[in-house]
Amino acid sequence: MSTLLIVVGLVVGVAYIYRHIVVKGKQCTSKAKLHGKTVIVTGSNTGIGKVTAIDLAKRGARVILACRSKQRGEAALEEVKRESGSNQVVFMQLDLGSLKSVHIFADNFLKSEPRLDLLINNAGIYMQGRTEDGLGMMFGVNHIGHFLLTNLLLDRLKKCGPSRVVNVSSVAHNFGKIDFDCLNTQKALGLGTSFMEVFQIYSDSKLCNVLFNHELAKRLQGTKVTCYSLHPGAINSELARNTSSVLQLLLKPVTAYFFKNTVQGAQNTLHCALQEGIEPLSGCYFSNCTVREVYDKAKDDAAAKKLWELSERLCGLP
């Protein structure tokens, strides 16, 4: 009995340490104020995107909530205003799964807002399907939508430099691969629907984020715009809301105890957006508010350039 109690005690102790040290992670320590600065946060009606928006609004930024759902976006607008105490918060509709919507958003933004100092490509989706443009859903939303948005806004970012682009990826990119044959023939990263196939495609889309960031940094050399990709941590958020109800039920106790909450999960985004002195690290990948080395496939110059050129073609960019 005493041995069992010791084992149980050790398990509880390890779980406690993991939850309060590993899960909690580091915090963004920047005290930067953002008065006079304008920020776009995609997918900011929920999860770490909304927490990020609240923090930036508290610092004095004019924050654009770029969200697909008008109803949820407007509800988030009121919450962000209330939590931040700022009226410099605006909702603008953006569906990253629609190239037309991305163009309309960018046109409206450029006509109505004179500045852009920080673009946070935060939105992400975990589900199969097709976008209205016929792209694989996760490829279209997680990569192509943000790729087009960033390119349409780059001139404004350059004009307002020093400015930053922050690309929220995931540690799942380590499991990713880019099947260019599938992209060229199917406009998708993969076609499977099983749990493992969908996770693989999600991982592939997160690798696209890191490769996009890698190539973007090279193209921004000589400008006052820098860019960073990151892993926010395992977050207890709504990312898995489109998975089966059974899987969500099974994951609930695990995510509740062992995953970061949204405030903890937003810290790495805030670090990349605000931390002073990280400009020389443009193009790098961050985890737990620390720059991390990535596998060769995530910094493959040839693959990054090929993905960029294919993305331009799919977006119709010159």
Side-chain angles (χ1 to χ4, degrees), residues 40-47 49 64-77 90-112 119-154 165 167-170 176 178-194 197-209 211-212 237-244 307-318:
I40 294 174
V41 186
T42 68
S44 42
N45 62 290
T46 187
I64 311 300
L65 307 180
C67 315
R68 181 183 61 83
S69 167
K70 187 173 187 291
Q71 181 180 0
R72 297 183 76 187
E74 290 177 343
L77 174 64
V90 178
F91 164 68
M92 292 180 66
Q93 195 164 18
L94 169 65
D95 181 358
L96 289 161
S98 163
L99 298 179
K100 179 181 177 181
S101 176
V102 177
H103 277 284
I104 291 172
F105 173 91
D107 287 344
N108 290 339
F109 175 84
L110 293 171
K111 288 175 183 175
S112 62
L119 171 60
I120 300 181
N121 292 323
N122 164 82
I125 195 168
Y126 188 96
M127 64 180 293
Q128 272 292 63
R130 291 278 177 175
T131 70
E132 69 175 45
D133 303 291
L135 304 175
M137 185 66 75
M138 285 187 276
F139 177 64
V141 173
N142 295 355
H143 170 63
I144 287 290
H146 283 131
F147 174 87
L148 177 59
L149 178 67
T150 303
N151 276 280
L152 294 175
L153 299 177
L154 264 186
V165 179
N167 296 299
V168 178
S169 180
S170 166
I178 309 297
D179 185 343
F180 285 103
D181 289 337
C182 188
L183 283 176
N184 280 311
T185 59
Q186 303 293 335
K187 296 183 180 180
L189 290 161
L191 304 175
T193 56
S194 71
E197 287 169 329
V198 173
F199 176 74
Q200 180 64 60
I201 296 165
Y202 175 75
S203 302
D204 299 344
S205 75
K206 295 290 101 179
L207 178 57
C208 287
N209 295 154
L211 286 171
F212 165 56
S237 70
E238 294 185 26
L239 177 65
R241 62 184 176 272
N242 295 305
T243 59
S244 73
L307 177 64
W308 185 285
E309 291 172 348
L310 181 144
S311 300
E312 280 183 326
R313 195 160 64 249
L314 291 173
C315 289
L317 290 176

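Side chains included, hydrogens not; waters and symmetry mates left out as well; all remaining heavy atoms used.
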Side chain to side chain, C67 and T46, heavy atoms closer than 4.5 Å:
no
Would N209 and K206 count as a side chain to side chain donor-acceptor pair (under 3.5 Å) if you check the C-alpha gap in whole Å, the side-chain angles of each, and the deciding distance to 0.1 Å?
CA-CA 5 Å; N209 295 154; K206 295 290 101 179; 2.9 Å; yes
Donor-acceptor check, side chain of S69 to backbone of G73, threshold 3.5 angstrom: yes or no?
no
Taking every non-hydrogen atom, the tightest pair across C182 and A188
SG-O, 3.2 Å
Which heavy atom of D204 sits nearest to which heavy atom of G176, and what is that distance?
OD1-CA, 3.3 Å
Pair R313 + E309: basic N to acidic O under 4.0 Å
no
S98/D133 under side chain to side chain donor-acceptor pair (under 3.5 Å): CA gap, chis, key distance, verdict
CA-CA 7 Å; S98 163; D133 303 291; 4.9 Å; no
Non-hydrogen side-chain atoms of V168 and N121 separated by less than 4.5 Å
no
Within a strict 4.5 Å, meaning less than it, do heavy atoms of the R68 and L94 side chains meet?
no
Checking S205 side chain against Y202 main chain: does a donor-acceptor pair fall under 3.5 Å?
yes
With a 4.5 Å cut-off on side-chain heavy atoms, are L77 and V90 touching?
no
Would you say that W308 contacts N151 through its side chain, given a criterion of any heavy-atom pair below 4.5 Å between the two side chains?
yes
Picking from T185, L307, L189, what satisfies side-chain contact (heavy atoms from CB on, under 4.5 Å) with F180?
L307
From the options I40, N108, L65, I104, select the one residue that forms a side-chain contact (heavy atoms from CB on, under 4.5 Å) with M92.
N108
Nearest heavy-atom approach of S101 to D95 is OG-N, 2.9 Å
Heavy-atom nearest pair, I125 first then M138, reads O-CG, 3.5 Å
Relative to the ring of F212, is the ring of H143 parallel (under 30°), tilted (30 to 60°) or perpendicular (over 60°)?
perpendicular
Of the non-hydrogen atoms in I64 and S44, which two are nearest, and what is the gap between them?
O-OG, 4.5 Å
Looking at every heavy atom in both Q128 and I201, which two are closest together, and how far apart are they?
NE2-CD1, 3.2 Å
